[in-house]
Amino acid sequence: MAKDTEYRPAQFERYWQQQWKERGSYRVVPDRSKPKYYALDMFPYPSGAGLHVGHPLGYIASDIVARYKRHCGYCVLHPMGYDSFGLPAEQYAIQTGRHPAETTAENIARYRAQLEALGFCYDWDREIRTSDPAYYRWTQWIFLQLFDSWYDLEQDRARPISELETLLSKGGSAAVRASGKALPNLTAKEWQELDSRAKEEILLGLRLAYRSESFVNWCPALGTVLANDEVKDGYSERGGYPVERRKMLQWNLRITAYAERLLNDLDGLDWTEALKETQRNWIGRSTGASLRFKIEQSESEIEVFTTRPDTLFGVSFLVLAPENELVAELTPPEFKTEVEAYVLASARKSERDRMADVRQVSGVFTGAYALHPFTGEKLPIWLADYVLAGYGTGAIMAVPAHDSRDWSFARRFDLPIRPVTEGAQVEDSAFESKEGILTQSDFLNGLSVSAAIEHMSRELEARGLGRRIVQYKLRDAVFGRQRYWGEPIPVYYDADGIPRPVREGHLPLQLPEIDLYQPTEQGDPPLARAQVWRYDPEQGLVGGDLGFPLETTTMPGWAGSSWYWLRYMDPASNDRFASREAEEYWGEVDLYIGGAEHATGHLLYSRVWPKFCFDRGWVGRSEPFKKLVNQGMIAGVSALIHRLESAAGEPVRYVSAGLINGRKTQPIHIDIGLVQQGKVDLEALHSWRSEFERAEFEAEEHGFFASEEVEKMSKRWHNVVNPDDVIETYGADVLRLFEMFLGPIEQHKPWNTQGLSGVQGFLKKLWRLATRPDLPDTSSEEALRSIHRCIKKVTDDIESLSFNTSVSAFMICVNELQETGGSGRDAFEILAVLLSPFAPHAAEELWSSILGCEASVLDGEWPVANPLYLQKSEVVYPVSFNGKTRFQLVLKPGMKPAEVQEIALTDERSARYLEGKTPKKVIVVPDKIVNIVF
RNA sequence: GUCCGAGUGGUGAAAUAGGUAGACACGAGGGACUUAAAAUCCCUUGACCCGAAAGGGUCGUGCGGGUUCGAUUCCCGCCUCGGGCACCA
């Protein structure tokens, strides 16, 4: 193919891409004689815009690791697929009437072509799409298993519902400790005598997939509910529309049952501390006590959660969330009007308003009093929206002296503030420190805060007033979406309106065809429009009025991505989401690369599903991703030209960036492609947008300049760089090397088109070196030294995922080889495959034809650096002394310990310090460190 | 507010069991080849100072201290930036 001594990637990249495809070069078959390695990328949502240069960053890194591991003798699973259900395709369908399946297929074709052009070693036979019925059959299947399970707190694992029923009929509610809605007190006999509907309702409160009426994040603009991680600062993450809180009947997943395990298992994962911390924050574990307050003239009690039971003697009032169910009951008639007005007002507030009002203190007195459990003191009960209904019990004991929110509230409404630690100053703010000695606190006096917490907790338990508990911020995940383009939830409603599972044999429950993708006029989800959307347990899907109604909401976007790595292991399996055999071989994902934006969404849900599958015995491990790396974003560089402010009628005038001189201008984004090193190609600008043809341009001596700004790559800012264009002008190898060279993989960095030339120059040089007709048959000593140093460095760097420095090492090596006249072909073959796959294949073919030898770039063994070549002739070594102190010595190779006293010390003061001392032992690590023991 | 992470040339960045700070590359400047351009190659490029030059010196890894013969690296206290969580009791 390539016979040129000029580097012309266009001549061979396409050819090799085709060859790999035809030969199935990257097909993977499990080989039990080899160790396995699983390198996974977060699969993309195939958007209409295609890939931009930021997307492949992580893919390139995982591709390098996959190739490296293959050369090291591993059987490597490196798959790719598409997270192809989602909102944008549906929004597009609503606007245009085109079926999301159709546009999704087109987008996928485009993604596939772009990915292939980049030369990735994916096994395309294993490609999956979450919107494919053959795939979502298993998403639905797992959902049904969740529906068929409950969480046993005794054994700390999920179990089948049938086992719960057995427990209940044998021992009644006393035999069961389950996560979920509290069971009513029932004896075994009482349970047995319940009718099936009543039983079903109780079970429904304990299933891991359950329906409940609760406050949800409702997004009117999108017409659907959203999970907590899909809401950012009161706006929807996708689209940025306002979100309200609304009480709705919804499908949920009981992920809170797994909170403790999600938290504990983080410790064993090789993830960044930042990401683990994000998940810990999201799970939000806090330990404390729950205790009950009696209400004056009422049978009811108020249960509160506190992390500071030690401050119980500092309580001066109680506060309930406006949504608290006790409000109506305990409010005396004369306070009703005011209380109801407050409840209504806070119900009307959107999530956003509530957040905006954080500093505003509001509340209302209910007129009722609670009694202090130890002193019997009357404590007024207030209502305030700073207490959240969804956390703890929706009620708190207020200790204004030691909690800043309670303090502000007490100040605002003139309630008593009682410090209970010695010397606490509470005039200007609450004393929140946990250092201190208790005072004014009866039996706690004289104890430290931590001892007092312990003492009080024990006391509460002994007196039966409360107990130690653990609270989490994590909420159950809302699972239903009022949308069309998602997996249908495989549930129907029987004559009693009880949700029942669709039979396994009827899966996949396929998305029906509908005429419009909008909600119905009654506000039902789009699926309610389907002609055929009822279910008969015998016949399956039926039309008209036959059978029972099917659920009309669909699963959220993260459903399909919560288990997809398992499907790659065995993508064609028909009797299980993946055969046990395949799952056992491939095990966990060894390296997972993707964006940090999924920290509390995908990366949390996809830790829950395997835990559940583990509990039920379908997989052998409960954590899916051993090592996880978040690649940084590549930001775009936007070009801005400056329009002078002008009156109506005046011609529009633009001014070069250097000539603004304080004049008032308005920056306008123009396509970054029209700018070269800050200079705007005015002719191209004219043809880009006709409005510029008539405008006037005030240029500088050397042209008209734009200013630049680093922003997120987006169509809107006209700063998107398309990998297709880069590949066309530079080649895929240059793009790959450059993205790795740009900086550490986890770092955010701006795209810099100019930098491409450096990597291109390097590849040209390498090509010339490799295709030189006068190749020497043996490499010189010096050349071998360069190569082996390079092998060592690149090996270490890839192991530690430091790709930028491995590219640098490679460049240095090539520079050295050029100087020393070496060829180093053998090492190059393999080194080059890693970092850039196309050129070495092309070069290999060329070598074969010149030398008549055979070499296989694809299956070659990873070279091991020979220590012989790592020695330098004279080295400056860092040295340790007495295991602690270090200084600098110059050593010659082959030197014996006794000779070391002759060494030259580079630093005068260090030399004086060492004078007259003779070393006992010298330890030399190739090219690195010498330890000298005296 | 709180918890993580990070601060090194004009730019992206190297170098941490403490040991020549700035590798590699971009950009900039100068030069060679060329009618010219492209391509390629060579030199200079942290700051300041001394010197005609060769060369030499001082300072320098956010700031201030500390440990050490020696600190970008370790310890203490700040400052700034980025990120997570946030009326979570």
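From a predicted model like this one, the values you see are computed outputs, not experimental measurements. All chains are named by letter (A, B, ...) in the order of the sequence lines, taking the proteins before the strands, and each is independently numbered beginning at 1.
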Just the table, please: protein N/O against nucleotides 8-15 of chain B N/O, every pair under 3.5 Å.
unit_1: B/G12; atom_1: O2'; unit_2: A/Leu742; atom_2: O; d: 2.4
unit_1: B/A13; atom_1: OP1; unit_2: A/Gln747; atom_2: OE1; d: 2.9
unit_1: B/A13; atom_1: O3'; unit_2: A/Asn804; atom_2: ND2; d: 3.4
unit_1: B/A14; atom_1: OP1; unit_2: A/Asn804; atom_2: ND2; d: 2.9

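Here B/A13 sits opposite no nucleotide as a Watson-Crick or G-U wobble pair (both hydrogen-bonding atom distances under 3.5 Å). Pairing partner, B/C33: none, since no Watson-Crick or wobble contact has both distances short of 3.5 Å. Across all strands shown, B/G27 forms a Watson-Crick or G-U wobble pair with B/U45, both key distances being under 3.5 Å. Across all strands shown, B/G84 is found opposite B/U2 as a Watson-Crick or G-U wobble partner, with both distances under 3.5 Å. Judged by Watson-Crick or G-U wobble contacts below 3.5 Å, the nucleotide B/G77 has B/C63 as its partner. Across all strands shown, nothing is found opposite B/G51 as a Watson-Crick or G-U wobble partner with both distances under 3.5 Å.
Aromatic ring orientation, A/Tyr7 versus A/Trp767: tilted (interplanar angle from 30° to 60°). Using cut-offs of 30° and 60° on the angle between ring planes, the pair A/Trp382 and A/Phe317 is perpendicular.
Atom CG in A/Leu388 sits about 14 Å away from atom C1' in B/C85, given to the nearest Å. We find that CZ of A/Arg475 is positioned 9 Å from P of B/A86, with the value rounded to whole Å. Rounded to an integer number of Å, the gap from A/Leu603 CG to B/G84 P is 14 Å. For the pair A/Leu737 CG and B/C24 C1', the interatomic distance rounds to 13 Å; values are reported in whole Å. Spacing between atom CG of A/Leu474 and atom C1' of B/A86 amounts to 16 Å, rounded to whole angstrom units. As a whole-Å value, the separation of A/Ile283 CD1 from B/C4 P is 17 Å. In this structure, A/Lys434 places its NZ atom 13 Å from C1' of B/U2, rounding to the nearest Å. Rounded to a whole Å, the CD atom of A/Glu746 is 10 Å from the P atom of B/A6.
Within residues 627-639 of chain A, no residue places a heavy atom under 4.0 Å from RNA chain B.
If you find the closest nucleotide of RNA chain B to A/Leu756 and to A/Lys765, the one lying nearer the 5' end belongs to A/Leu756. Judged by closest nucleotide on RNA chain B, A/Gln760 is the one of A/Asp403 and A/Gln760 placed further toward the 5' end.
Ion pairing between a basic and an acidic side chain is recognised when a charged N comes within 4.0 Å of a carboxylate O; A/Arg280 and A/Glu273 show such pairing. Of the charged side-chain nitrogens involved, none lies within less than 4.0 Å of a carboxylate oxygen, so that A/Arg785 and A/Glu816 do not count as a salt-bridged pair. Ionic pairing of A/Asp797 and A/Lys792 is not present here: no N-O contact between side-chain nitrogen and carboxylate oxygen is shorter than 4.0 angstrom.
Annotation: B/C41 and B/G22 have their C1' atoms spaced 25 Å apart (nearest Å). B/C79 and B/U68 are spaced 28 Å apart, taking the P atom of each and rounding to whole Å. Between the P atoms of B/U2 and B/C78, the separation comes to 12 Å (whole Å). The separation of B/C74 from B/A25, taken at their C1' atoms, amounts to 32 Å, rounded to a whole angstrom. The same atom, C1', is picked in B/G29 and in B/C81; the two are 33 Å apart, to the nearest Å. Comparing the P positions of B/C49 and B/A37 gives a spacing of 36 Å, expressed to the nearest Å. Here, B/U40 and B/C26 have their P atoms 11 Å apart, quoted to the whole Å. Using C1' as the reference atom, B/A71 and B/C63 are 16 Å apart when rounded to the nearest Å.
Note on A/Tyr386: every side-chain N or O is 4.0 Å or more away from OP1 and OP2 of B/A89. Contact annotation: A/Asn815 reaches the phosphate of B/A25 (side-chain N/O to OP1 or OP2, under 4.0 Å). Distances shown here put a side-chain N or O of A/Ser286 below 4.0 Å from the OP1 or OP2 atom of B/A89.
Between A/Ile634 atom CD1 and A/Met713 atom CE the span is 6.5 Å, to the nearest 0.5 Å.
Which of B/A89, B/C85, B/U40 sits closest to the side chain of A/Lys764 comes down to B/U40. Side chain of A/Glu273, nearest nucleotide from B/A89, B/A39, B/G5: B/G5. Side chain of A/Gln754, nearest nucleotide from B/A89, B/G27, B/C24: B/G27. In this structure, the nucleotide among B/A25, B/A89, B/C85 sitting nearest to the side chain of A/Asn281 is B/C85.
Applying the side-chain hydrogen bond (donor to acceptor under 3.5 Å, both in side chains) test to residues at least two apart or on different chains, the pairs with a partner in residues 735-751 of chain A are A/Asp63-A/Arg736, A/Trp751-A/Thr753.
Side chain of A/Glu711 to main chain of A/Ala635: no donor-acceptor pair is present (N/O by atom type, distance under 3.5 Å, no hydrogens or angles).
Cation-pi check for A/Arg607 over A/Trp271 is met; the charged atom lies under 6.0 angstrom from the ring centroid and within 45 degrees of its normal.
In this structure, A/Ile812 reaches the sugar-phosphate backbone alone: every heavy-atom distance under 4.0 Å involves primed, P, OP1 or OP2 atoms, never a base.
Base orientation of B/G64: anti, the glycosidic angle falling outside 90° of 0.
When all heavy atoms are compared, the tightest approach of A/Ala395 to A/Val387 is N-CG1, 4.0 Å.
Ring centroids of A/Phe810 and A/Phe762 are separated by less than 6.0 Å, placing the two rings close together.
Within a 6.0 Å radius of CD in A/Glu597, more than 12 heavy atoms belonging to other residues, nucleotides or ligands are found.
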